[in-house]
Amino acid sequence: MDFGRSDEQRLLQETADRFVADVCPPERAKQWDDEHHYPAELFTGFADMGWFELPFPQEQGGGGGGAAELALIAEALGRASLDVAQCFILTLMGGLLIQRWGTDEMRRELLPVVMRAERRLSIGMSEPDAGSDAAALRTFAKDKGDSFVVNGQKMWCTGAGLPGTDIVLYVRTNRDAAKHRGLSVLLLDPHAPGVELRKIETLARHILGTYEVYLDNVEIPKSNLLGHVDGGWEVMLSGLDVERVLISGGYVGAAQATVDEALAYAKQRHAFGRPIGEFQAITHALADIQTEVDAARLLVQRAAWMHDEGVDSGGRAGAMAKLKGSETYVAAARLGMQILAGHGFATESTMSFRYRESIVAPISGGTSQIQRNAIARTMGLRGY
């Protein structure tokens, strides 16, 4: 469906669909996940297509694109897998933070190598006791003049252990200020002395991997500061809307691919003398879930347009897209497992991979409950 899309956007979508078919079809994405494989060719492919440079200003070597174009790419990549989409989104989000909040030197040195896929970026925000309540983080950066000395622990750092990856690290720099006011953001080299990474075994997301990060007297120069000291909350909020749009595009792509697989199976699998897709129980279930996917896609398109136009100041559209997209992927995968039955239950099936992968969608990047709170606040309600 290309409702409201320009000719250039339709061409971008077709190009992205061909990229997925050639480089990372779902079966290959599942193989990468099963083998915990790092596909270097995927990242270089993004760069060769010009996708990593797309959202940056043209005067900085970028393509001058917006959230609408990025969401199209994310949806196409989501058809391969949500983790494949995250390979694109995660580095892009870190790069956009550097472009907006980094020093001139950071932008000159880092953005070109990010655009060429020579460097990757991860985000270090969550902690053992700070997830949805991100401002409660306790990792502390002590001011030592020309540098900060950091001690603490980070959790759920996606992709932090991949080769050539830096971590956008959220830390507390003021223990006396209100919790939202004492945060700062530093760029961390995970190979610096005192940094230890431990990979966490998870149900899915094995391409990027998920890591704990331990920081023991890690010295980070002040030139690695994004934004200003104690201004980390503003940095964090500045990236939320576009992150929600892009990851929601990935959810829609993954959900659509899941529905497509279930539909194809329902048409060719026979029981009681007919294709099972002719039984009304399955026909209606597939009709319902396709309606949900289309609704989620429209919410993503609306949120992307509003972001590009600067009219979603409350974050309502992005939160709605994230909420709907993530929960629709879960529903699609659950229905797909029911339709494929034993074939889906076999771990060799792509559907089993979709099911495992979908579980984290309403959790990571802001839980469904947090999205509902955000929506409720725009309605004049206070959500807790």
Side-chain angles (χ1 to χ4, degrees), residues 36 38 40 43 83 86-87 89-98 101-103 105-107 109-111 113-114 117-131 134-175 182-202 205-233 235-236 239 364-365:
H36 294 227
Y38 160 64
F43 292 90
D83 209 13
Q86 281 282 50
C87 288
I89 295 165
L90 185 61
T91 284
L92 205 61
M93 294 310 306
L96 287 170
L97 291 178
I98 290 172
W101 298 101
T103 63
E105 182 179 1
M106 269 190 209
R107 286 191 283 267
E109 292 185 359
L110 279 175
L111 291 185
V113 293
V114 167
E118 295 169 7
R119 300 293 296 177
R120 272 154 293 283
L121 294 162
S122 177
I123 307 291
M125 187 181 300
S126 295
E127 297 182 1
D129 296 319
L137 65 87
R138 295 187 293 183
T139 294
F140 186 64
K142 186 174 182 179
D143 192 332
K144 300 292 284 186
D146 292 334
S147 64
F148 293 98
V149 175
V150 183
N151 286 277
Q153 179 185 355
K154 291 294 176 181
M155 293 287 293
W156 319 118
C157 296
T158 303
L162 292 182
T165 297
D166 294 315
I167 301 173
V168 177
L169 186 73
Y170 287 82
V171 298
R172 184 163 302 283
T173 43
N174 188 339
R175 286 171 168 157
L183 308 181
S184 299
V185 186
L186 302 170
L187 193 63
L188 171 69
D189 177 358
H191 300 291
V195 180
E196 179 185 352
L197 270 63
R198 186 183 77 84
K199 193 170 186 179
I200 303 170
E201 292 301 320
T202 54
R205 195 167 286 177
H206 299 148
I207 299 173
L208 283 167
T210 303
Y211 295 81
E212 289 180 90
V213 181
Y214 297 91
L215 303 122
D216 183 11
N217 290 322
V218 178
E219 189 167 350
I220 302 177
K222 278 193 174 175
S223 57
N224 284 24
L225 179 71
L226 276 69
H228 55 84
V229 175
D230 296 344
W233 188 251
V235 176
M236 185 187 299
S364 65

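Distance check, rounded to the nearest 0.5 Å: CG of D216 to CD of E196 gives 9.5 Å. Here the OG atom belonging to S364 is positioned 4.5 Å from the CZ atom belonging to R205, to the nearest 0.5 angstrom. Atom OG1 of T139 is separated from atom NZ of K154 by 4.0 Å, given to the nearest 0.5 angstrom. Rounded to the nearest 0.5 angstrom, D83 CG and T210 OG1 are separated by 8.0 Å. Taken to the nearest 0.5 Å, the CG atom of L215 stands 7.0 Å off from the CD1 atom of I220. Summarising the geometry, atom CG belonging to L121 is positioned 9.0 Å from atom CG belonging to L97; distances are rounded to the nearest 0.5 Å.
Residues V195 and Y214 have side chains not in contact (no heavy-atom distance under 4.5 Å, counting atoms from C-beta outward). Using a 4.5 Å cut-off on side-chain heavy atoms (C-beta onward), V168 and M93 make no contact.
Heavy atoms of other residues, nucleotides or ligands lying less than 6.0 angstrom from CZ of R107 number more than 12. Within a 6.0 Å radius of NZ in K144, other residues, nucleotides and ligands contribute 12 heavy atoms or fewer. Applying the 6.0 Å contact sphere to CD of E219 captures no more than 12 heavy atoms from other residues, nucleotides or ligands.
The main-chain N or O of R138 is found under 3.5 Å from a side-chain atom of E127 such that the two form a donor-acceptor pair. In this structure, the side chain of N151 does not engage the main chain of F140 through any donor-acceptor pair within 3.5 Å. Without hydrogens or angle criteria, Q153 side chain to P128 main chain gives no donor-acceptor distance under 3.5 Å. A donor-acceptor contact shorter than 3.5 Å links the side chain of R172 to the backbone of A135.
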Can you check side-chain contact (heavy atoms from CB on, under 4.5 Å) on V235 and Y170, steps first, answer last? CA-CA 10 Å; V235 176; Y170 287 82; 4.0 Å; yes
The test is side-chain contact (heavy atoms from CB on, under 4.5 Å); show your working for Y38 and I207 and say whether it passes. CA-CA 6 Å; Y38 160 64; I207 299 173; over 6 Å; no
When you look at L90 and R120, which way does the side-chain contact (heavy atoms from CB on, under 4.5 Å) test go after all the steps? CA-CA 8 Å; L90 185 61; R120 272 154 293 283; over 6 Å; no
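Applying the ring pair (Phe, Tyr, Trp, His ring centres under 6.0 Å) test to W101 and every residue at least two apart in sequence or in another chain returns nothing.
Across every non-hydrogen atom of Y211 and G161, the tightest pair is CE1-N, 3.3 Å. When all heavy atoms of M125 and L137 are compared, the pair lying nearest together is O-CD2, 4.2 Å. In terms of heavy atoms, A130 sits closest to A136 at CB-C, 3.8 Å. Minimum interatomic distance between S122 and C157 (heavy atoms only, all atoms of both residues): OG-C, 4.0 Å.
Ring geometry for H206 against H36 counts as parallel: the plane angle stays under 30°, on a 0 to 90° scale with 60° as the upper cut.
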List the atom pairs, with distances to 0.1 Å, where a side-chain N or O of residues 183-193 and a protein N or O form a donor-acceptor pair under 3.5 Å, not counting sequence neighbours.
{"from": "S184", "atom 1": "OG", "to": "T173", "atom 2": "OG1", "distance (Å)": "2.7"}
{"from": "S184", "atom 1": "OG", "to": "D230", "atom 2": "N", "distance (Å)": "2.7"}
{"from": "D189", "atom 1": "OD1", "to": "H191", "atom 2": "N", "distance (Å)": "2.9"}

